[in-house]
2 protein chains.
Amino acid sequence: MQIDELIREIINFADLCAAGSDPFPVGLPGVTLVRQRRPTYVYPVVYQPIFCLVLQGEKQTMLGDRLVRFARLQSFVVGLDMPAKAQVVKASPREPYVALAVELDLNLINELATAVSQGALEDERALAVQSGETEAPLVDAMRRMFDLRDRHEAQPVLFPLILKEIHYWLLVSEQGSLLRQLAKKDSHAARISKAIAVIKGCYSAALRVDDLADVAGMSVSGFHASFREITGTSPLQFQKQLRLIEARRLIKWERLRVAEAAYHVGYESPTQFSREYSRVFGVSPRKDRTEVPHDLAEPAA
Amino acid sequence: MQIDELIREIINFADLCAAGSDPFPVGLPGVTLVRQRRPTYVYPVVYQPIFCLVLQGEKQTMLGDRLVRFARLQSFVVGLDMPAKAQVVKASPREPYVALAVELDLNLINELATAVSQGALEDERALAVQSGETEAPLVDAMRRMFDLRDRHEAQPVLFPLILKEIHYWLLVSEQGSLLRQLAKKDSHAARISKAIAVIKGCYSAALRVDDLADVAGMSVSGFHASFREITGTSPLQFQKQLRLIEARRLIKWERLRVAEAAYHVGYESPTQFSREYSRVFGVSPRKDRTEVPHDLAEPAA
DNA sequence: TATTTGCCTGCCAATTTCTCCAGAAAATCT
DNA sequence: AGATTTTCTGGAGAAATTGGCAGGCAAATA
């Protein structure tokens, strides 16, 4: 079966590039391969719009109050920039967690959507992260895309085509509900997306929820409800996550002092910053700064 | 008249067991006798499905915004787990408030309902607590049930029969509208009942009304409306009552510290907890903890 | 006497609940 | 079928709840 072929192929490739655990590029723009030899702790991430096909092992992510789990041949589609918590739950050196991811291009989605949507689209429940079994044509397209990685002469021509094809299949797949919504002007999803862009754009600035609702063109309460429905969190929590994740980066990798990091991401009181930091990461910022940065991979609890 | 007989009999019995004011068992499972020698303050209770026949004195209960009053030979039927406020308003040492109560078994109700409902049931207005004059066969059945209390040899055979009979009469009585509705799958009452089960099951967890509505299979606004119609209160108030009543128990009887009690019943901020507690009980939690627990019975205001 | 601890109160912004209403859908009647 | 009534849904907006924080008080502790 082609699928097993793809899996074997990719896993071999991953073994060769034993570069480590962080996602690493495969030679195609926007395409990355993720591999983990061990279950990990829960770690916070910021997703971008992405399509990720799990080939081996299992992973779960938490969006606010929601928990989704992905196993072999399942996949997830993220349609929005989203902070989340992820955890690889099944992985071993013999059988590591392996997944192939492609960044999505929302412009491309919009473009395709106009061509696709004849029938009036139903209002489906659209979540920021959709998951489920991967439809066969998608797996196949991913395989063909992956095969392009060292056909340098073919890439410039074929890669855009396959990318477009993947976007198409996603758009019409079951998991594509959010993408379809996003393409629809004035849908809730599209409005929330606009608001999220604002939050991301200035996450270190003081944020007034009223203004966001305004940007989205919704009532404050309606905005809250939709926001939660789609992202699984409230606007403020969303922003807080972004802030803290960035702060952590500043602290662990840029070695900023705690207070500096706090101010940098928009906190006015280092006290408050410290409290929230500890609550989210389980470690105080001071500690994170002191300790040597280490690999994500850890024996699972 | 047989009724007077029953009353005299029970009152005598109650005098014998001068155990005090709390409801006390009469030797039949699920059957209790309530006696109060004095009017009481308003006190919060959590009803279970129950049928309660008032024999002497008067009592009133408040469900949210509704006030119902029960006097001699009136009775009330509670079909749902319901927090409420009760108050004995007419009682004296010479003529105490006396009532006989039987817990109801909703499974039994369902069972009987299928046997009973030939005619398509009308949609009647169904309230969580129904009250009114007690129909004669019911009083009679209650009398016969009460007489079983010391016929230990007859109990195993006759008690289930009488219980069933009582359920039957309730189901067809005027006060049985809620019971009839509950038995009907997909009725509003049945849906709300499901939601209430959820609330009760985890009243100390963060609860989202959207989800409750989901459980009930109704729109949020429809859910609100139905919930209020049946219970006389809103979902949040309902949950809050449960929380605070439990918290009060923890504070007065288990002697938990205020903050602990707050966390225990699901508040994340003792501040807020304290505020609400005072509002509902008229006394700050601190005070309730400090003061010696005392009897419910107090001279009425 | 000074400090600490536990709690209450007021204030603020965020979040959620809840009412109300218009339009859609379903049921009922003609 | 078509008309009418009833019921339901979804959304806006007002109102309430919530949690955080600062200030204060009073009892317990040092």
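Here is how names work: the chains are called A, B, and so on, in the same order as the sequence lines, proteins then strands, and each is numbered from 1.
The interatomic distance linking B:Y277 (OH) with D:dT18 (P) rounds to 16 Å, in whole Å. The CD atom of B:Q272 sits 14 Å away from the P atom of C:dT16 (whole-angstrom rounding). In this structure, B:R275 atom CZ and C:dC8 atom C1' are separated by 10 Å, rounded to whole Å. Taking atom CD1 on A:I192 and atom P on D:dG11, their separation rounds to 12 Å, with Å as the unit. Protein atom CD1 of B:I251 is 13 Å distant from nucleotide atom C1' of C:dC8, rounded to whole Å. B:K240 has its NZ atom 12 Å from the P atom of C:dT17, to the nearest Å. Between the C1' atom of C:dT17 and the CG atom of B:D210 lies a distance of 9 Å, rounded to the nearest Å. Going from atom OH of B:Y263 over to atom C1' of C:dG6 covers 12 Å, rounded to whole Å.
Under 4.0 angstrom from either OP1 or OP2 of C:dC8 there lies at least one side-chain N or O belonging to B:S274. For the pair B:Y267 and D:dG19, the criterion of a side-chain N or O lying under 4.0 Å from OP1 or OP2 is not met. Contact between the side-chain N/O atoms of A:Q239 and the OP1/OP2 oxygens of C:dA14 is not found at any separation under 4.0 Å. Side-chain N/O atoms of A:H224 include none lying less than 4.0 angstrom from OP1 or OP2 on C:dA13. Between A:H188 and D:dG10 there is no side-chain polar atom (N or O) within less than 4.0 angstrom of OP1 or OP2.
Each of C:dC8, C:dT16, C:dG6 was ranked by its minimum atom distance to the side chain of B:R208; first place goes to C:dT16.
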N/O-N/O pairs, protein side and nucleotides 13-15 of chain D side, under 3.5 Å:
{"unit_1": "D:dG13", "atom_1": "N7", "unit_2": "A:S221", "atom_2": "OG", "d": "2.7"}
{"unit_1": "D:dG13", "atom_1": "O6", "unit_2": "A:S221", "atom_2": "OG", "d": "3.0"}

Can you check nucleotides 22-30 of chain D for protein contacts, nitrogen or oxygen pairs under 3.5 Å, and list what you find?
none

Under 3.5 Å, which donor-acceptor pairs link side chains of residues 275-283 of chain B to any protein atom two or more places apart or in another chain?
{"unit_1": "B:R275", "atom_1": "NE", "unit_2": "B:Q272", "atom_2": "OE1", "d": "3.1"}
{"unit_1": "B:R275", "atom_1": "NH2", "unit_2": "B:Q272", "atom_2": "OE1", "d": "2.8"}
{"unit_1": "B:E276", "atom_1": "OE1", "unit_2": "B:K240", "atom_2": "NZ", "d": "2.6"}
{"unit_1": "B:E276", "atom_1": "OE2", "unit_2": "B:Q272", "atom_2": "NE2", "d": "2.9"}
{"unit_1": "B:E276", "atom_1": "OE2", "unit_2": "B:R279", "atom_2": "NH2", "d": "3.0"}
{"unit_1": "B:Y277", "atom_1": "OH", "unit_2": "B:D288", "atom_2": "OD2", "d": "2.6"}
{"unit_1": "B:S278", "atom_1": "OG", "unit_2": "B:S274", "atom_2": "O", "d": "2.9"}

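A residue-by-residue look at B:S278 and B:S234 shows that B:S278 has its nearest nucleotide of DNA chain C further toward the 5' end.
A:Q241 and A:T233 form no side-chain donor-acceptor contact under 3.5 Å, judged by distance and modelled atom types alone.
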